[in-house]
Amino acid sequence: MARITASVFTSHVPAIGAAMDLGKTHEPYWQPLFKGYEFSKQWMKDNRPDVIFLVYNDHATAFSLDMIPTFAIGTAAQYQPADEGFGPRPVPRVIGHPELASHIAHSVIQQDFDLTIVNKMEVDHGLTVPLSLMCGEQDPVHGAWPCPVIPFAVNVVQYPVPSGQRCFQLGQAIRRAVESYDEDLNVHIWGTGGMSHQLQGARAGLINREWDNAWLDQLIADPAACAKTPHIDYVREAGSEGVELVMWLIARGAMSDIAQATSNNVASSASGVSVKHRFYHVPASNTAVGHLILEDA
């Protein structure tokens, strides 16, 4: 059967992609950030998955205020990088995995989660920046990402947005869906977005190092409690865009320790996962960057 063996968590700041595309990664401002991903790029080479299930949010490219799905799964064979106003990023197209994506959609919907099925869409920096950070720079014409990717878009832009608890439970449903797929596939699940940042209003530029790192501690050690964090806490402590962190809870909910705890009807803990890498950096444009790699123990 297919299995989820690791989860990756990272911010997806658009300026990070621009820094890579414009050859600025060695500049003093950017060098400390990219140094924090050197381990991750080697880890990715050493632990190459067959498929990446990538949780992100669309930034008004595939969707708009005319149509806002809460959870949308991409089932296409490929996805082109979106033009976000400055032309598409110079990165390869993203190859999908329609068979596994369709199976996950069917399974998760049968577990009472309503998903929007997307057979054609473009993908923006929310998806391509994490791929660039983890896989390094790729030739846009002759290069390729290391494996197929299933895009999973979550609405964290227009209220009402899903709760952390709902996202955490969805991650558990996704794991069950993957494990019911009758093919030997090694799957990684990625949660992206955040950490603390606010892009507008009187608090524009807000960064909260202490809260971010305490949240990361809890995500690792007590994810069930972390999932209960209310929206108002994210907004108050991490800024209006800090609510993107609920997407990390989808990936965390899909890990083996959560499945074991659920089957035993006990509180979840980090005893079943191994922290391979943790990194935090300020600033990247006007965002706090968090990064974490967890493996099933």
Side-chain angles (χ1 to χ4, degrees), residues 8-27 29-38 40-41 44-45 48-49 51-64 72-97 101 118-157 188 190-195 197 199 241 244 247 279 281 283-291:
V8 172
F9 308 81
T10 184
S11 305
H12 59 215
V13 185
I16 293 175
M20 298 184 76
D21 301 341
L22 298 174
K24 296 178 178 290
T25 59
H26 295 293
E27 293 185 359
Y29 180 88
W30 288 109
Q31 191 174 26
L33 182 140
F34 289 104
K35 185 175 179 61
Y37 285 84
E38 289 179 359
S40 307
K41 288 191 289 187
M44 190 69 183
K45 292 177 182 177
R48 177 175 172 172
V51 184
I52 296 168
F53 187 95
L54 202 155
V55 182
Y56 74 110
N57 65 289
D58 177 74
H59 301 80
T61 53
F63 310 112
S64 71
I73 186 168
T75 55
Q78 63 180 28
Y79 309 88
Q80 295 294 336
D83 183 347
E84 300 182 64
F86 302 94
R89 285 194 65 213
V91 295
R93 63 180 179 171
V94 175
I95 302 302
H97 198 300
V118 186
N119 294 314
K120 181 180 180 181
M121 67 175 176
E122 295 181 340
V123 291
D124 65 20
H125 72 268
L127 184 138
T128 62
V129 166
L131 287 173
S132 293
L133 283 168
M134 294 296 297
C135 307
E137 298 176 3
Q138 308 289 328
D139 184 275
V141 178
H142 303 292
W145 302 115
C147 68
V149 176
I150 297 174
F152 192 87
V154 180
N155 170 40
V156 288
V157 175
H188 289 180
W190 294 13
T192 74
M195 296 189 82
H197 63 302
L199 303 180
E241 278 69 43
E244 289 180 353
M247 296 187 290
F279 174 66
H281 177 75
S285 183
N286 54 3
T287 303
V289 171
H291 176 40

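Quantities reported herein were computed from a predicted structural model and do not represent experimental measurements. Index from 1, following the sequence.
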key: Side-chain touch K41/M44, heavy atoms, less than 4.5 angstrom   = no

query = Shortest non-hydrogen contact from I73 to A101?
reply = CD1-O, 3.6 Å

ask   = Checking H142 side chain against P140 main chain: does a donor-acceptor pair fall under 3.5 Å?
value = no

ask   = Between P130 and W190, which heavy-atom pair has the shortest distance, and what is it?
value = O-CZ3, 3.7 Å

ask   = So F34 and W30, would you call those rings parallel, tilted or perpendicular, with 30° and 60° as cut-offs?
value = tilted

task = Apply the test side-chain contact (heavy atoms from CB on, under 4.5 Å) to residues E122 and D83: give CA-CA distance (whole Å), side-chain angles for both, the deciding distance (0.1 Å), then the verdict.
result = CA-CA 9 Å; E122 295 181 340; D83 183 347; 5.5 Å; no

request  = Find out whether I52 and C147 are in side-chain contact, i.e. whether some heavy atom of one side chain is under 4.5 Å from a heavy atom of the other.
outcome  = yes

query = If you measure from NE2 on H188 to CG on L54, what distance do you get to the nearest 0.5 Å?
reply = 12.5 Å

ask   = If only atom types and distance count, is the side chain of Y79 paired as donor or acceptor with the main-chain N or O of I150 below 3.5 Å?
value = no

Minimum side-chain heavy-atom gap H291-H281 below 4.5 Å = no

query = For T192 and M247, which heavy atoms make the closest approach, and how far apart are they?
reply = O-CE, 3.0 Å

request  = Measure the CD1-CG distance between I16 and L33 for me, rounded to the nearest 0.5 Å.
outcome  = 4.5 Å

key: Side-chain touch M121/P151, heavy atoms, less than 4.5 angstrom   = yes

ask   = What residues form a side-chain hydrogen bond (donor to acceptor under 3.5 Å, both in side chains) with T61, not counting sequence neighbours?
value = D58, D124

remark   = For M134 and S40, the nearest pair of non-hydrogen atoms, with its separation, is SD-CB, 3.6 Å

query = Any side-chain donor paired with an acceptor under 3.5 Å for E84 and H125?
reply = yes

Option from D139, L131, T128 for which side chain to side chain contact (heavy atoms under 4.5 Å, CB included) with V91 holds = T128

key: Heavy-atom closest pair, residues P283 and S285   = CB-O, 3.8 Å

note = OH of Y37 to CZ of F279, rounded to nearest 0.5 Å, is 6.5 Å

query = If you measure from CD on E241 to OG on S11, what distance do you get to the nearest 0.5 Å?
reply = 12.5 Å

remark   = Hits for ring pair (Phe, Tyr, Trp, His ring centres under 6.0 Å) against Y56, two or more places apart or cross-chain, chain-then-number order -> none

task = Please report the closest heavy-atom contact between W145 and P92, naming both atoms and the distance.
result = NE1-O, 3.2 Å

ask   = With no hydrogens and no angle check, is any side-chain donor or acceptor of H12 less than 3.5 Å from a backbone partner on T10?
value = no

